[in-house]
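Down below is the structure, laid out as C-alpha cells.
Quick caveat: nothing in here was measured; it's all calculated off a predicted structure. Atoms considered below: every heavy atom in the structure, side chains included; atoms not considered: hydrogens, waters and symmetry mates.
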Amino acid sequence: MTSAELLTDAFDRIQQVVHRAAGGLDGPRLARRPAEGANSIAWLVWHLTRIQDDHVAGVAGTDQVWTRDGWADRFALPFDASDTGYGHTPDDVAAVQVDSADLLTGYHDAVHDRTVQYLSGLTDADLPRIVDRAWDPPVTLAVRLVSVVSDDLQHAGQAAYVRGLLTG
C-alpha cells in the first residue's frame with residue numbers, strides 16, 4: 001500500500017462516519033445542540049468539511065470546492081465565503097442551519113472526491129514538501145494531510161456522539 005492509498009483510506013473512513021452521523025436527519029435535529037454552547041451535527045460536519053476543503057485546496061494549489069462549485073451559495077450562511085468555522089462562537093455555531101443532511105453530505109462528498117483525486121497523484125517523494133513555513137518546524141505535506149485526517153476524525157466522532165445523544 002502506498003502512502004496515497006493509506007491517506008485515501010483514512011479520508012474514506014471520515015466520509016463513512018460523516019454519513020452515519022448526519023444521514024437521514026432533518027434540519028432541526030442537525031442544528032440541535034446537546035447543551036448551551038455545544039456544537040451541533042450541522043456545524044461539526046460543515047466545519048470539518050470546510051477545513052478539509054481549505055487545506056487540501058491550499059496544498060493542491062486549486063480553488064476550494066466551497067466557492068468554485070457554488071456550495072457557499074447553496075448553504076447561504078451568514079459568514080464570509082473564506083470562513084471555515086475556526087474560532088466560531090456559540091452564536092456562530094447556532095447560525096449553521098440546513099434543511100436536511102443531503103446538503104451537508106453532498107458538500108462533504110464533493111470535497112471527498114476532490115481530496116481523493118488530489119491524493120491519487122501523490123507519490124511518497126511529494127510528502128516531505130514544505131507547505132507552510134509559518135510554523136517551527138515548517139509543516140510538510142505529510143504533516144498537513146495527517147493533521148486534516150486527525151481533525152476531521154475527531155469532529156466526525158463528535159458528530160456521531162451528538163447523534164447518539166439526540167436519537168438514542
Side-chain angles (χ1 to χ4, degrees), residues 7 10-119 131-132 134-135 139 144-167:
L7 288 163
F11 282 104
D12 286 348
R13 291 169 190 241
I14 294 164
Q15 183 185 39
Q16 292 166 10
V17 176
V18 162
H19 276 266
R20 281 194 303 271
L25 296 179
D26 62 13
R29 278 198 154 165
L30 291 164
R32 193 169 304 141
R33 299 183 294 165
E36 180 86 20
N39 295 327
S40 66
I41 294 169
W43 185 88
L44 288 160
V45 171
W46 171 80
H47 169 65
L48 75 86
T49 307
R50 287 293 297 122
I51 292 296
Q52 183 176 329
D53 192 5
D54 175 75
H55 286 28
V56 172
V59 298
T62 61
D63 292 333
Q64 294 179 30
V65 172
W66 180 248
T67 50
R68 182 192 71 198
D69 296 347
W71 290 98
D73 294 333
R74 281 179 253 183
F75 273 77
L77 298 176
F79 313 127
D80 185 87
S82 64
D83 198 331
T84 62
Y86 183 76
H88 270 190
T89 66
D91 287 341
D92 295 329
V93 170
V96 177
Q97 301 279 328
V98 296
D99 292 333
S100 74
D102 293 342
L103 186 64
L104 288 169
T105 58
Y107 173 49
H108 186 81
D109 289 348
V111 170
H112 176 75
D113 291 348
R114 177 63 189 101
T115 300
V116 170
Q117 178 187 20
Y118 172 68
L119 294 174
V131 297
D132 190 346
W135 299 91
V139 177
R144 177 58 45 88
L145 292 171
V146 168
S147 175
V148 173
V149 167
S150 173
D151 187 65
D152 279 6
L153 278 173
Q154 289 180 61
H155 287 314
Q158 291 164 358
Y161 179 74
V162 172
R163 182 184 180 120
L165 291 174
L166 298 177
T167 63

Taking the six-membered ring for Trp, are [X] and [Y] parallel (under 30°), tilted (30 to 60°) or perpendicular (over 60°)?
| X | Y | answer |
| --- | --- | --- |
| Phe79 | Trp46 | tilted |
| Tyr107 | Trp71 | tilted |
| His155 | His47 | perpendicular |

Looking at side-chain heavy atoms only, is the closest gap between [X] and [Y] below 4.5 Å?
| X | Y | result |
| --- | --- | --- |
| Ser147 | His55 | no |
| Arg20 | Arg163 | no |
| Leu119 | Leu145 | yes |
| Thr167 | Leu25 | yes |
| Trp135 | Arg144 | yes |

Matching residue for Asp53 among Thr84, Val111, Val148 - test: side-chain contact (heavy atoms from CB on, under 4.5 Å) =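 Testing each of Thr84, Val111, Val148 against Asp53, the sole residue satisfying side-chain contact (heavy atoms from CB on, under 4.5 Å) is Val111.
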Reported [atom1]-to-[atom2] distance for the pair [X] and [Y], which is rounded to 0.5 angstrom:
| X | Y | atom1 | atom2 | result |
| --- | --- | --- | --- | --- |
| Ile14 | Leu153 | CD1 | CG | 4.5 Å |
| Gln158 | Leu48 | CD | CG | 9.5 Å |
| Gln16 | Arg13 | CD | CZ | 7.5 Å |
| Thr49 | Asp54 | OG1 | CG | 12.0 Å |
| His112 | Asp12 | NE2 | CG | 4.0 Å |
| Ile41 | Leu166 | CD1 | CG | 5.5 Å |

Looking at [X] and [Y], what are the two nearest heavy atoms and their distance?
| X | Y | result |
| --- | --- | --- |
| Asp152 | Phe11 | OD2-CE2, 4.3 Å |
| Arg33 | Pro90 | NH1-O, 3.1 Å |
| Thr67 | Ala81 | CG2-CB, 3.8 Å |
| Ala22 | Val45 | CB-CG2, 4.5 Å |
| Val98 | Ala42 | CG2-CB, 4.4 Å |
| Ala156 | Ala21 | O-CB, 4.4 Å |

In terms of side-chain heavy atoms, does [X] have a donor or acceptor partner in [Y] at a distance below 3.5 Å?
| X | Y | result |
| --- | --- | --- |
| Thr89 | Asp91 | no |
| Gln64 | Arg50 | yes |
| Asp109 | His19 | yes |

For the pair Arg74 (side chain) and Asp69 (backbone), establish whether a donor and an acceptor sit closer than 3.5 Å, ignoring hydrogens and angles.
->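 Checked: pair present.
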Evaluate the criterion side-chain hydrogen bond (donor to acceptor under 3.5 Å, both in side chains) for residue pair Asn39 and His88; output intermediate values, then yes/no.
-> CA-CA 10 Å; Asn39 295 327; His88 270 190; over 6 Å; no
